[in-house]
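Notes to accompany the following structure.
Since the structure is predicted, the reported quantities are computational estimates derived from the model, not experimental observations.
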2 protein chains.
Amino acid sequence: MKAGRKRRRRRDSAATRQALFAAGATAFAARGFDGAGVDEIAAAAGVNKAMLYYHFKSKRGLYTAVLADMFSAVADRVAPLATAPGDPAASLEAFVDALADACRERPHFPAIWLRELADEGRHLDASVVPIVRGILDTLAGLLARGRREGRFREVHPLLVQFGIIGPLLVYLGSAPARRRLLADAPQLAAIDDEMAFAHVKVATLATVLADPAGDTQ
Amino acid sequence: MKAGRKRRRRRDSAATRQALFAAGATAFAARGFDGAGVDEIAAAAGVNKAMLYYHFKSKRGLYTAVLADMFSAVADRVAPLATAPGDPAASLEAFVDALADACRERPHFPAIWLRELADEGRHLDASVVPIVRGILDTLAGLLARGRREGRFREVHPLLVQFGIIGPLLVYLGSAPARRRLLADAPQLAAIDDEMAFAHVKVATLATVLADPAGDTQ
DNA sequence: GTCTATAAATAGATAGAC
DNA sequence: GTCTATCTATTTATAGAC
């Protein structure tokens, strides 16, 4: 009975933390770090505001937890691709899929990343920086492998990175804005997710694949 | 003398307004609508805070003025491209250049647009919506022309739009963040603007150009 | 048109009871 | 672990003198 009570308490605590996390992620995506208020976050989570400070220490602490979860998810997925066997082009497509999957599981992901890019890293905790950096290093490794194997041209990793996340984040992150702006043009607003991902892959491969003729420049 | 005084007063007033506009654009780009404070904006402009309300009515009024200037500049530049004579592919590259030029003249442009995309249109005044819409319509017209002439495949205008502005805004808008995150890897951080624009053009054309063989699917 | 002073509201954060 | 009540700082905005 004592143990039972303990277990229940622990589960409730984890549920509270999880509710705050989810509400925070949603609020930060929709309104940004400065726009989201701790009052609304707590209200949306259905818990008291003081709980936010108990579980995450501060508004910034909650934000950092959301960011770490986001970027870790991507980093874990893409890590194997830098040294994976097989066609580098397939690995590059898998890199796009990994990003797309992480975004699908976390609807708050694209908007938060878009804001973070514009934010001069002001809200980016030092603990998250290496994670983001790891993602870029993985892509650079993948591109180097493709080049060693003669499949890829020499391209700047950041340009490839931006060529992928740019359209992806803008497409997924602007969905709410699109619904407002294009409410009167449904045929314009209608896009299929898979079509968008395929588009990104075509565009990306076109910039990195070596000329079939064989010259690398 | 009376006229002279009048003229001088008018010029000073315009200068005040212009200083507020510039300071506001910079602050909104760096910190977002909610993150930027009217106090800092006025201080950065070197004028009194009350002047902001006199000239722009509210913080939101200033923000709307900045947005209208941004999107009007793009809309004006691209407008002729929908019906321009000549190769549609060249027009599409000119579309990219028009965006790039507007960003070059307005360093605040990319970051503000990035934030706006994530913002569910919350800070987008109704007067600005048709301007943004016009840009998209121009691109749709350009793509339709290219398809009529057999040069382009059938592609969703929004995908092309996102394929262009995504990398472009992310590349240009993340410059401050990049300087922070990649301070220790200058060879990674070093990108030439022209290289980035060329990259975007290659990626875009690859997704819209019809197969040279002639089949449109 | 420009400034000073201040109102009015809201923000993030904490102390302490339970 | 959770809630109530509150503190303090900051924010947008305005009234009124010059």
Side-chain angles (χ1 to χ4, degrees), chain A residues 1-28 30-67 115 119 122-123 125, chain B residues 1-25 27-28 30-67 119 122-123 125:
Chain A
M1 188 147 102
K2 197 173 176 183
R5 214 185 294 148
K6 260 191 183 172
R7 237 195 322 271
R8 175 145 27 98
R9 279 213 182 117
R10 279 203 195 107
R11 195 174 59 237
D12 288 346
S13 177
T16 295
R17 192 186 163 88
Q18 168 56 24
L20 282 165
F21 183 96
T26 303
F28 289 136
R31 321 224 14 182
F33 180 82
D34 293 302
V38 291
D39 283 311
E40 345 159 36
I41 293 175
V47 306
N48 190 277
K49 177 172 60 160
M51 285 295 91
L52 191 155
Y53 292 93
Y54 177 79
H55 283 284
F56 295 97
K57 201 193 142 195
S58 68
K59 178 182 178 180
R60 194 190 166 111
L62 173 57
Y63 186 71
T64 298
V66 173
L67 282 193
R115 296 180 190 277
D119 234 23
R122 186 177 292 106
H123 300 123
D125 192 82
Chain B
M1 189 146 101
K2 196 174 176 182
R5 212 184 297 148
K6 260 189 183 172
R7 238 196 319 273
R8 173 141 32 96
R9 278 214 184 118
R10 277 202 195 107
R11 193 174 61 238
D12 288 347
S13 176
T16 296
R17 192 187 162 89
Q18 168 57 24
L20 282 165
F21 182 96
F28 289 137
R31 321 223 13 181
F33 180 82
D34 293 301
V38 291
D39 281 313
E40 344 160 35
I41 293 175
V47 305
N48 191 275
K49 177 172 60 160
M51 285 294 90
L52 191 155
Y53 292 93
Y54 176 79
H55 283 284
F56 294 98
K57 203 193 140 195
S58 68
K59 178 182 177 180
R60 197 193 164 106
L62 173 57
Y63 186 71
T64 298
V66 173
L67 282 193
D119 234 24
R122 186 176 293 106
H123 300 125
D125 192 81

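Of the possible polar contacts, none joining the Lys49(A) side chain to the Ala43(A) backbone as a donor-acceptor pair under 3.5 Å is found. For the pair Arg122(A) (side chain) and Ala30(B) (backbone), a donor-acceptor distance under 3.5 Å is present.
Straight-line distance from the CG atom of Leu20(A) to the P atom of dG1(D): 13 Å, rounded to whole Å. One interatomic measurement links the two molecules: OH of Tyr54(A) to C1' of dG1(D), which rounds to 5 Å at whole-angstrom precision. Rounded to an integer number of Å, the gap from Asn48(B) CG to dA15(D) P is 16 Å. Atom P of nucleotide dT12(D) and atom CZ of Phe56(B) are separated by 16 Å, given to the nearest angstrom. Put simply, CE on Met51(A) is 13 Å from C1' on dG16(C), counting in whole angstrom units. When the P atom of dT12(D) is taken as reference, atom CZ of Arg31(B) falls 11 Å away, rounded to whole Å. Here dT12(D) presents its P atom at 19 Å from NE2 of His55(B), a figure rounded to the nearest Å.
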Which atoms of nucleotides 7-10 of chain D (N or O only) lie under 3.5 Å from a protein N or O atom, and what are those distances?
none

Is there any protein nitrogen or oxygen under 3.5 Å from a nitrogen or oxygen in nucleotides 10-13 of chain C, and what are the pairs?
from: dG12(C); atom 1: OP1; to: Ala36(A); atom 2: O; distance (Å): 3.3
from: dG12(C); atom 1: OP1; to: Lys59(A); atom 2: NZ; distance (Å): 2.6
from: dG12(C); atom 1: OP2; to: Val38(A); atom 2: N; distance (Å): 2.9
from: dA13(C); atom 1: OP2; to: Tyr53(A); atom 2: OH; distance (Å): 3.3
from: dA13(C); atom 1: OP2; to: Lys59(A); atom 2: N; distance (Å): 3.1
from: dA13(C); atom 1: N6; to: Lys49(A); atom 2: NZ; distance (Å): 2.2

Original post:
Checking side chain to side chain contact (heavy atoms under 4.5 Å, CB included) for the pair Phe28(B)/Leu67(B): CA distance, chi angles, key distance, verdict?
Top reply: CA-CA 10 Å; Phe28(B) 289 137; Leu67(B) 282 193; over 6 Å; no
Original post:
Does the pair Asp125(B) and Tyr63(B) meet the rule for a side chain to side chain contact (heavy atoms under 4.5 Å, CB included), with working shown?
Top reply: CA-CA 9 Å; Asp125(B) 192 81; Tyr63(B) 186 71; over 6 Å; no
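Taking the side chain as every heavy atom from C-beta outward, Asp119(A) and Arg31(B) never approach each other to under 4.5 Å. Residues Phe33(A) and Asp34(B) form no side-chain contact, since every pair of their non-hydrogen atoms from C-beta on lies 4.5 Å or further apart.
For Thr16(B), a side-chain nitrogen or oxygen approaches OP1 or OP2 of dT2(C) to under 4.0 Å.
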